[in-house]
Amino acid sequence: ALPDGLAPEDLLLNVDRIGADIQIRRCVAKRNRARGFLIQTRDAAIEDCVFDHCSMSALLLCAGPGGESGGARDVTIRRNRFIGVNTVIQRDPLCEAAVVVYAGRKGQGLPPAGVFSGITIEDNVFEGTDYAAIGLASTDGALIRRNRISGSNRRAENPFRAQRPDLPPAGQAAIFVTQCRNVKIEGNTVDEKGMAPGTRPIVVGPGCEDGSVVIETRKQDGKEQGR
């Protein structure tokens, strides 16, 4: 039986047909004109990889825009190195990040937290990206910790943002979180040298439940790394 409350243009997903237990380790994605990997599965690990000058996001966890998949869950992104990725002007403001977790359909804004869950992004190194290092949306349950970020947010503007007023731009911070709950951000280091004016180390955007995004900062060179 179909669930109650279905409305026109709602999407249904058979989770039994989603691949699971995907392990991507010690791989190199280099000079790809698009993304490194598109992750649309559950129980996945991306570890000890190098993403070198991929034009768009190195990792995109995506659901909804084409109706081709549901939300990724229980995904670990650990000990990877991101070098010079996401250097093109993105048509989608929420894809302005080296690692993107994003769901949505054009003109309909972002769905609430819960499309994605169990996302861990830890012990990664980000070296050079025109916009954000990490952009997280529509997620219930995420841990972002001990990442080292330098050379992020070299651009402040994106001319395509005006075409998507329903989406907040991820590129306004090195770590950007929106429409989320139960997120912990701790022990990350952001080198602010070279960041465009008006951009910040961490921004909690609209739609996050009060008190559900916890930020613990780390000091670098005597400066607090935080919002």
Side-chain angles (χ1 to χ4, degrees), residues 22-41 44-63 65 72 75-103 116 119-137 139 142 144-161 164 167-178 185 188-196 199-203 225:
I22 307 299
Q23 310 294 315
I24 303 173
R25 293 192 172 95
R26 295 180 296 279
C27 295
V28 177
K30 188 172 184 177
R31 299 195 183 281
N32 187 13
R33 69 175 181 83
R35 307 171 191 91
F37 293 110
L38 174 63
I39 306 296
Q40 295 177 313
T41 185
I46 304 95
E47 298 177 324
D48 302 305
C49 297
V50 176
F51 299 89
D52 187 352
H53 287 84
C54 300
S55 296
M56 298 172 70
S57 302
L59 292 175
L60 175 61
L61 281 63
C62 180
V75 176
T76 297
I77 301 167
R78 178 187 293 132
R79 295 190 306 272
N80 302 288
R81 188 178 178 191
F82 302 89
I83 308 167
V85 301
N86 196 37
T87 55
V88 298
I89 296 176
Q90 296 278 4
R91 290 180 176 271
D92 191 325
L94 262 175
C95 288
E96 296 174 356
V99 174
V100 178
V101 182
Y102 162 50
F116 305 95
I119 307 298
T120 299
I121 304 171
E122 64 181 4
D123 298 317
N124 301 285
V125 176
F126 297 85
E127 300 171 286
T129 174
D130 279 0
Y131 295 104
I134 299 168
L136 185 75
T139 300
I144 302 172
R145 66 179 174 185
R146 298 192 304 267
N147 299 286
R148 290 182 291 147
I149 303 169
S150 62
S152 70
N153 303 90
R154 295 177 298 203
R155 292 179 185 263
E157 301 297 332
N158 179 345
F160 291 107
R161 289 175 182 171
R164 295 299 307 272
L167 297 179
Q172 61 187 287
I175 300 173
F176 180 76
V177 178
T178 188
I185 303 172
N188 301 283
T189 301
V190 179
D191 185 347
E192 298 183 47
K193 183 179 180 180
M195 291 179 67
T199 60
R200 298 161 64 185
I202 301 172
V203 167
Q225 300 296 309

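We count residues from 1, following the sequence as given. Values in this document were obtained by computation on a predicted structure and should not be read as measured data.
Using a 4.5 Å heavy-atom cutoff, the side chains of R148 and E127 are not in contact. At a threshold of 4.5 Å between non-hydrogen side-chain atoms, the residues P169 and N158 do not count as touching. Between I119 and L61 there is a side-chain heavy-atom pair separated by less than 4.5 Å. Looking at E96 and D130, their side chains never come closer than 4.5 Å, going by heavy atoms from C-beta outward. The shortest side-chain heavy-atom distance between V85 and H53 does not fall under the 4.5 Å cut-off. Side chains of I83 and F126 form no contact here, defined as non-hydrogen atoms less than 4.5 Å apart.
Residue I121 holds its CD1 atom at 4.5 Å from CD1 of I77, rounded to the nearest 0.5 Å. Atoms SG and CE, on C95 and M56 in that order, are 6.5 Å from each other to the nearest 0.5 Å. The line from CD1 of I24 to CD1 of I46 is 5.0 Å long, rounded to the nearest 0.5 Å. If you take CZ on R35 and CG on L60, they are separated by 5.0 Å, rounding to the nearest 0.5 Å. Here the straight-line distance linking atom CG of L136 with atom CD1 of I144 works out to 5.0 Å at 0.5 Å rounding. Atom OH of Y131 sits about 12.5 Å away from atom OG of S152, to the nearest 0.5 Å.
Minimum interatomic distance between G36 and A29 (heavy atoms only, all atoms of both residues): CA-CB, 4.1 Å. When all heavy atoms of A34 and C54 are compared, the pair lying nearest together is O-CB, 3.7 Å. The two residues A170 and A132 have their closest heavy-atom pair at O-CB, 3.5 Å.
With sequence neighbours excluded, the residues satisfying salt bridge (Lys or Arg N to Asp or Glu O under 4.0 Å) with R78 are E47, E122. In this structure, D52 has no side-chain hydrogen bond (donor to acceptor under 3.5 Å, both in side chains) partners at least two apart in sequence or on a different chain. In this structure Q90 satisfies the side-chain hydrogen bond (donor to acceptor under 3.5 Å, both in side chains) test together with N86, sequence neighbours excluded.
Within the 3.5 Å criterion, the main-chain N or O of T120 finds no donor-acceptor partner in the side chain of T76. A donor-acceptor distance shorter than 3.5 angstrom exists from the side chain of N153 to the backbone of G171, with no hydrogens or angles considered. A donor-acceptor pair is defined here as one N or O able to donate and one able to accept, closer than 3.5 Å; no such pair exists between the side chain of S57 and the backbone of V100. At distances below 3.5 Å, at least one donor-acceptor pair connects side-chain atoms of T139 with backbone N or O atoms of A137. Put simply, the side chain of N80 never gets that close to the backbone of N124: no donor and acceptor are under 3.5 Å apart.
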Apply the test side-chain contact (heavy atoms from CB on, under 4.5 Å) to residues N147 and I134: give CA-CA distance (whole Å), side-chain angles for both, the deciding distance (0.1 Å), then the verdict. CA-CA 10 Å; N147 299 286; I134 299 168; 4.1 Å; yes
When you look at R146 and T189, which way does the side-chain contact (heavy atoms from CB on, under 4.5 Å) test go after all the steps? CA-CA 7 Å; R146 298 192 304 267; T189 301; over 6 Å; no
With side-chain contact (heavy atoms from CB on, under 4.5 Å) as the test, would you mind laying out the steps for V177 and V203 before giving the verdict? CA-CA 6 Å; V177 178; V203 167; over 6 Å; no
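Comment: D123 does not engage R79 in a salt bridge, judged by the lack of any side-chain N to carboxylate O separation of less than 4.0 angstrom. Using a 4.0 Å cut-off between a side-chain N of Lys or Arg and a carboxylate O of Asp or Glu, E192 and R200 do not qualify as a salt bridge.
Each of I149, L59, V50 was scored for a side chain to side chain contact (heavy atoms under 4.5 Å, CB included) with F82, with one residue passing: L59.
Side-chain rings of Y102 and F116 stay apart, their centers remaining 6.0 Å or farther from each other.
Atom CZ of R145 has more than 12 heavy atoms from other residues, nucleotides or ligands within 6.0 Å.
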